[in-house]
Amino acid sequence: MKGKPRDKIWKMIEGGEKEKLLDHAAALHGHYCPGLALGVNASIAALKRFESEHTGMEDVLVIVETNNCFSDGVQYVTGCTFGNNSLVFRDLGKTAGTFVKRGEKGLRFVTRSDAREEWAGEFTEYGELFTKVVRERDGTEEDRVRMMEMAEDISKFVVGLEADKLFEIESVEVTLPEYAPIHDSHVCEGCGESVMSTRTIERDGKKFCLLCGGDKYFELDGHGMHLRGEKK
Ligand SMILES: [Zn+2]
Ligand SMILES: [Zn+2]
């Protein structure tokens, strides 16, 4: 539908098409895995609860507590992403997310510590394969293919489970950041590149980007958030 690019996704959520949503999320994430399925599962459950009281999805934000697979399931299904400022990353290392509509209480989904038991018994071989292929980096190509196929089966199983079998769900008070401001751009006097005004530094009356101005900046990678750069 014109002007509503997420309409198809919203219809899948309303229609409870969990496996289809998982397939699309996996296309974004690159592989199927239980973490991704957990993110998809929690997001569908949360958005459905919102819909029972509201229409539309504007002003929904998610605070994720991990930067692993779970967060990609959340980003695809909720549309709260890194790029549109409705994804908040709280670096706590928990497979958890808090879904919020502005002006209301949030719903925090945290994966139950025994959630694995919901699927581990059905897919006993997966744990061994994962250890061999991923942790020890010692599997054959055949092991890797078998593991990826099994991960898809597990993901489909997990996404189909009722959310309260997998998560503790609680209503929480949330303090949200204000709407992300729109900043002017400046052209750095060092490199000539355009840079957001809040990421500039003044030296001798000239504006520079953080690299040219020699200031520290934040970087998020697989290990978490770090301060990088040299303060000159
Ligand atoms: Zn994954
Ligand atoms: Zn520069």
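Numbering of ligands and ligand atoms starts at 1, following listing order.
Residues satisfying the ring-ring contact (aromatic ring centres under 6.0 Å, His included) criterion with Phe89, sequence neighbours excluded, are absent altogether.
The number of protein N/O/S atoms found under 2.8 Å from the Zn ion (ligand 2) is 4.
Applying the ring pair (Phe, Tyr, Trp, His ring centres under 6.0 Å) test to every pair with at least one member in residues 27-46, sequence neighbours left out, gives these pairs: His29-His31.
Under the 4.0 Å criterion applied to side-chain N and carboxylate O atoms, Asp164 and Arg112 are not assigned as salt-bridge partners. Using a 4.0 Å cut-off between a side-chain N of Lys or Arg and a carboxylate O of Asp or Glu, Arg108 and Glu65 qualify as a salt bridge. Ion pairing between a basic and an acidic side chain is recognised when a charged N comes within 4.0 Å of a carboxylate O; Arg146 and Glu142 show no such pairing. At a threshold of 4.0 Å, the pair Arg144-Glu141 counts as salt-bridged, since one of the basic side-chain nitrogens sits closer than that to a carboxylate oxygen.
Protein contacts to the Zn ion (ligand 1) involving N, O or S atoms at a distance below 2.8 Å are His29 NE2, His31 NE2, Cys33 SG, Cys69 SG.
Summarising the geometry, atom NE2 belonging to His186 is positioned 12.5 Å from atom SG belonging to Cys209; distances are rounded to the nearest 0.5 Å. Separation of atoms NE2 (His183) and OG (Ser197) is listed at 6.0 Å; rounding is to 0.5 Å.
The shortest non-hydrogen separation linking Gly106 to Val100 is CA-CG1, 4.2 Å.
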